[in-house]
Structures are given as C-alpha cells and as structure tokens.
Amino acid sequence: MPELPEVETVCRGLAPHLSGRRIESVECLRADLRFPLPDMSVLHGRNCERVERRGKYLLFFFGDLLLVWHLGMTGRFHVLPAAVPRQPHEHVRLLLSGGECLIYRDARRFGYAGIMAADAWQMHPWFVRLGPEPLGDAFDTDYLAACCKGRRGPVKPLLMNAQVVVGVGNIYACEALFRSGIHPLRPAGRIARQRLQGLVGSVRAVLAEAVASGGSTISDFARVDGSPGYFSHAFAVYGREGEACQRCNGVIRRGVQAGRSTFYCPYCQR
DNA sequence: AAATGAACCTGTTTGC
DNA sequence: TGCAAACAGGTTCATT
C-alpha cells in the first residue's frame with residue numbers, strides 16, 4: 001500500500017507523538033509478521049528521540065538502538081489513547097509516556113521490523129544497496145541516464161527498483177510515466193536524455209504533490225490519526241482503465257507488467 | 001544479464 | 001444469490 005508519500009505522511013504524523021516519549025511497555029500479539037519480530041522488550045524504558053524515513057522504511061531512534069519498520073502492503077500505525085480496545089489485525093502495541101499508545105496493524109502481515117545499532121543502520125542489508133531519495137539532489141538527469149544506459153528492459157520496473165531510486169511504487173511509477181509521456185514498456189536505454197530529464201521532474205513533482213496531499217488512500221492506507229490521504233483524486237491514469245485521458249481524450253489502458261497492473265495512455269505515452 | 005512468476009497473507013471486488 | 005477467481009500500495013527468491 002504505501003509508497004514514499006504514504007510513508008512520509010505516516011512519519012510526519014508519528015513524529016509529534018513519539019519524539020521525547022518513553023516506552024513504558026511493549027505488547028507483541030504474535031511472534032512474526034513477514035519475518036520474526038525482534039525482541040522489542042529492549043526498548044522498554046528508552047526514550048524516542050526522533051522518527052525519520054529512508055525510502056519506504058520508518059526509522060525510530062532510541063539512543064544507540066534503532067527500530068526500523070517497513071509497512072509492506074497493508075501495514076499502518078495509529079497513535080491512540082492507551083486504554084483503547086484492540087484494533088482489527090493489531091499485532092504490536094507500545095505504551096508511551098503521556099498516556100498514548102502506538103499501535104501497528106497489518107491485515108496481510110507483509111510488514112516487517114528490526115532493531116539494530118543506530119550508528120550502523122546504513123550498513124544493514126535492508127539499506128546498503130538502496131538508491132538515492134527521489135526528492136534529494138542525488139536523483140538527477142545524469143544519475144538516471146547512467147542507470148538507464150545500455151538497459152534493454154522496460155523503464156517502469158527500473159523506476160520501481162529500489163536499487164535505482166527508492167520510494168517509487170506501482171502507483172507513482174504509472175503517474176510519473178504518464179506525466180513525462182513515456183510508454184511504460186519502452187526500453188530504458190532507448191529514452192532520449194531530454195525525456196529522462198522530464199521523467200526526473202515528473203517523479204519529483206508527483207511525489208511532492210502526493211506528500212502535500214497526505215498520500216493516496218485506495219482502501220487500506222490511513223494516516224496516524226485515521227484520516228485518509230487525498231492524492232488518489234489526482235490520479236491521471238492509475239485505476240482509470242477505460243476512462244478518457246485528460247490530455248488527449250483517448251482511452252486509458254491497463255496492462256500487466258512484471259506481474260503488476262500498469263495504467264497508461266497509449267496515445268500520449270510513447 | 002535481465003525478465004517473469006511465485007511466494008509471503010488476508011480482504012475485497014469481479015465474473016460466471 | 002453464491003461461489004470462485006482475480007486482484008491489491010512491497011520485496012525477495014528461483015526459474016527461464
């Protein structure tokens with residue numbers, strides 16, 4: 001469910017509730033999600049200094065320990081009063097100083113968590129091969145052109161490859177390709193530099209706009225306070241098979257690429 | 001090398 | 001109406 005804008009929205013929602021709070025108790029309602037859960041009792045009594053995001057990972061800093069959490073497809077965090085009843089698919093609950101609790105819910109349990117040394121997380125296997133942040137300076141035309149050079153595979157899976165650039169999932173890959181007029185099946189190595197420049201701009205723009213809208217809610221995603229993200233209303237192609245293209249009035253098509261639905265305008269995207 | 005498909009799970013929607 | 005198949009925002013691994 002969550003791509004960069006959704007994880008960023010969760011991160012911003014969590015920060016004011018977590019920063020400066022102590023973990024009073026830890027409740028794990030099951031031993032594993034996608035992977036075995038770490039022993040979270042080591043966080044007991046520790047103070048959370050800050051919450052950050054790297055790619056689609058959330059980072060909770062606790063002194064020399066770091067709690068890392070990936071939401072998978074249906075993971076969500078909520079901060080609620082400590083006395084709140086069990087929530088559907090609730091798997092972990094951390095009681096916080098100040099009377100609130102942090103609840104992790106995840107219907108499909110594709111999410112996962114880990115605890116590692118706070119000064120060495122970037123060397124962890126989850127992070128060591130990640131590409132640059134799409135909203136940072138390192139993601140530019142030169143960089144993307146170097147990634148595409150000589151590659152005969154289609155551009156869309158490349159855009160969704162976290163080793164190339166983090167945070168771009170199925171929705172925003174479709175949207176960014178539409179905005180830049182590039183067909184999702186086009187071989188990555190056969191895109192003119194000027195069009196790659198446009199693609200870099202489209203990726204950055206669509207992600208920034210989605211962050212400003214609080215992410216996209218299709219069915220599962222919710223912010224920390226339970227409210228939805230509004231960017232789904234702004235989709236140009238995602239989920240719009242059979243509808244009219246807003247640019248050329250042609251019919252939006254859906255195809256399957258690498259096992260994922262791809263939405264595109266066959267007239268605008270070449 | 002690189003692309004596809006399956007696997008991990010459950011809930012919801014679609015189609016016969 | 002009911003049941004089964006298809007499908008869903010992610011990631012990793014084995015197989016062509």
Side-chain angles (χ1 to χ4, degrees), chain A residues 1-11 29-37 53-58 68-77 87-91 104-114 124-131 134 147-177 184-190 203 206-207 209-211 213-223 228-235 237-242 254-263:
Chain A
M1 143 245 286
E3 303 183 34
L4 183 148
E6 291 73 40
V7 181
E8 178 65 23
T9 297
V10 171
C11 182
L29 280 61
R30 56 180 307 135
D32 49 55
L33 297 171
R34 177 174 181 169
F35 307 124
L37 281 165
R53 176 192 60 76
R54 168 75 172 112
K56 295 171 187 169
Y57 291 89
L58 289 164
V68 176
W69 214 298
H70 193 292
L71 301 174
M73 293 275 258
T74 51
R76 45 199 278 186
F77 276 112
Q87 303 294 297
H89 302 293
E90 176 179 339
H91 303 308
Y104 180 71
R105 300 167 52 183
D106 190 345
R108 292 176 72 180
R109 306 201 303 275
F110 283 179
Y112 50 98
H124 188 279
W126 292 346
F127 298 102
V128 73
R129 305 175 93 153
L130 290 186
C147 292
C148 290
K149 188 177 169 72
R151 302 195 53 159
R152 283 171 287 186
V155 61
K156 189 195 170 214
L158 178 134
L159 214 47
M160 293 171 64
N161 182 346
Q163 295 186 29
V164 172
V165 61
V166 297
V168 181
N170 202 32
I171 292 176
Y172 297 106
C174 290
E175 295 295 319
L177 289 168
L185 289 171
R186 171 164 284 273
R190 299 197 52 223
V203 168
V206 74
L207 293 177
E209 289 170 30
V211 169
S213 300
S216 303
T217 294
I218 294 172
S219 61
D220 289 294
F221 175 71
R223 305 198 220 192
Y230 297 107
F231 192 72
S232 21
H233 300 293
F235 292 164
V237 287
Y238 188 85
R240 296 195 179 281
E241 179 186 18
R254 171 184 174 275
V256 176
Q257 210 179 349
R260 316 295 299 278
S261 286
T262 295
F263 298 90

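Every value quoted in this text rests on a predicted model; they were computed, and no experiment measured them. Hydrogens, waters and symmetry mates are skipped; everything else that's a heavy atom, side chains included, is used. All chains are named by letter (A, B, ...) in the order of the sequence lines, taking the proteins before the strands, and each is independently numbered beginning at 1.
Under the Watson-Crick or G-U wobble criterion, with both distances below 3.5 Å, C/dG2 is paired with B/dC16. Judged by Watson-Crick or G-U wobble contacts below 3.5 Å, the nucleotide B/dC9 has no partner.
A distance of 9.5 Å separates NE2 in A/His91 from CZ in A/Arg105, rounded to the nearest 0.5 Å.
If you check every strand for non-hydrogen atoms under 4.0 Å, A/Gly169 touches sugar and phosphate atoms only. In this structure, A/Arg152 reaches the sugar-phosphate backbone alone: every heavy-atom distance under 4.0 Å involves primed, P, OP1 or OP2 atoms, never a base. Within the 4.0 angstrom heavy-atom criterion, only backbone atoms of the sugar-phosphate kind lie near A/Tyr238; the bases stay farther away. If you check every strand for non-hydrogen atoms under 4.0 Å, A/Tyr112 touches sugar and phosphate atoms only. Among the heavy atoms of the strands lying under 4.0 Å from A/Arg34 is at least one base atom, whether or not backbone atoms are also near. The residue A/Ser232 sits apart from the nucleic acid: no heavy atom pair falls under 4.0 Å.
In this structure, of C/dG10, C/dC7, B/dG11, it is C/dG10 that holds the atom nearest to the side chain of A/Pro2. Side-chain proximity of A/Arg108 to the nucleotides B/dT10, C/dC7, B/dA3 is greatest for B/dT10.
The separation between A/Leu130 atom CG and C/dT11 atom C1' is 11 Å, rounded to whole Å. Rounded to an integer number of Å, the gap from CG of A/Asp106 to C1' of C/dT11 is 13 Å. Rounded to a whole Å, the CG atom of A/Asn161 is 11 Å from the C1' atom of C/dT11. The distance between atom CZ of A/Phe127 and atom C1' of C/dT11, rounded to the nearest whole Å, is 14 Å. In this structure, the CE atom of A/Met160 is 8 Å from the P atom of C/dG9, given to the nearest Å. Protein atom CE of A/Met73 is 10 Å distant from nucleotide atom C1' of B/dC9, rounded to whole Å. For A/Arg76 and C/dA8, the CZ to C1' distance is 15 Å, given to the nearest whole Å. Atom CZ in A/Phe35 sits roughly 9 Å away from atom C1' in B/dC8 (whole-Å rounding).
If you take atom P in B/dT12 and the same atom in C/dT11, they sit 23 Å apart, rounded to whole Å. Comparing the C1' positions of C/dA6 and B/dG5 gives a spacing of 16 Å, expressed to the nearest Å.
Contact detail for A/Leu4 and A/Val166: the closest heavy-atom pair is CD1-O, 4.4 Å. The shortest non-hydrogen separation linking A/Pro2 to A/Met73 is CD-O, 3.8 Å.
A side chain to side chain contact (heavy atoms under 4.5 Å, CB included) with A/Trp69 holds for exactly one of A/Leu33, A/Val7, A/Val10; it is A/Leu33.
Here the side chain of A/Gln257 pairs no donor or acceptor atom with the backbone of A/Pro157 at under 3.5 angstrom. A/Glu3 places a side-chain N or O within donor-acceptor distance of the main-chain N or O of A/Ile171, the cut-off being under 3.5 Å.
In terms of phosphate contacts, A/His89 brings no side-chain nitrogen or oxygen within less than 4.0 Å of OP1 or OP2 of B/dC9. Residue A/Ser216 has no polar side-chain atom (N or O) positioned under 4.0 Å from OP1 or OP2 of C/dG9. Between A/Arg260 and C/dG9 there is a side-chain polar atom (N or O) within less than 4.0 angstrom of OP1 or OP2. OP1 or OP2 of B/dA1 has not a single side-chain nitrogen or oxygen of A/Arg151 nearer than 4.0 Å. Here A/Lys56 does not reach the OP1 or OP2 of C/dG9: none of its side-chain N or O atoms lies under 4.0 Å away.
Between A/Phe263 and A/His70, the residue anchored closer to the 5' end of DNA chain C is A/Phe263, taking for each the nucleotide with the nearest heavy atom.
Centre separation under 5.5 Å together with a plane angle under 30° does not hold for the ring of A/Phe110 and the six-membered base ring of C/dT11, so they are not marked as stacked.
For A/Arg109 and B/dC9, a side-chain-to-base donor-acceptor distance below 3.5 Å is absent, hydrogens and geometry of angles not being considered.
Counting only N and O atoms by type, the side chains of A/Arg254 and A/Ser261 include a donor and acceptor under 3.5 Å apart.
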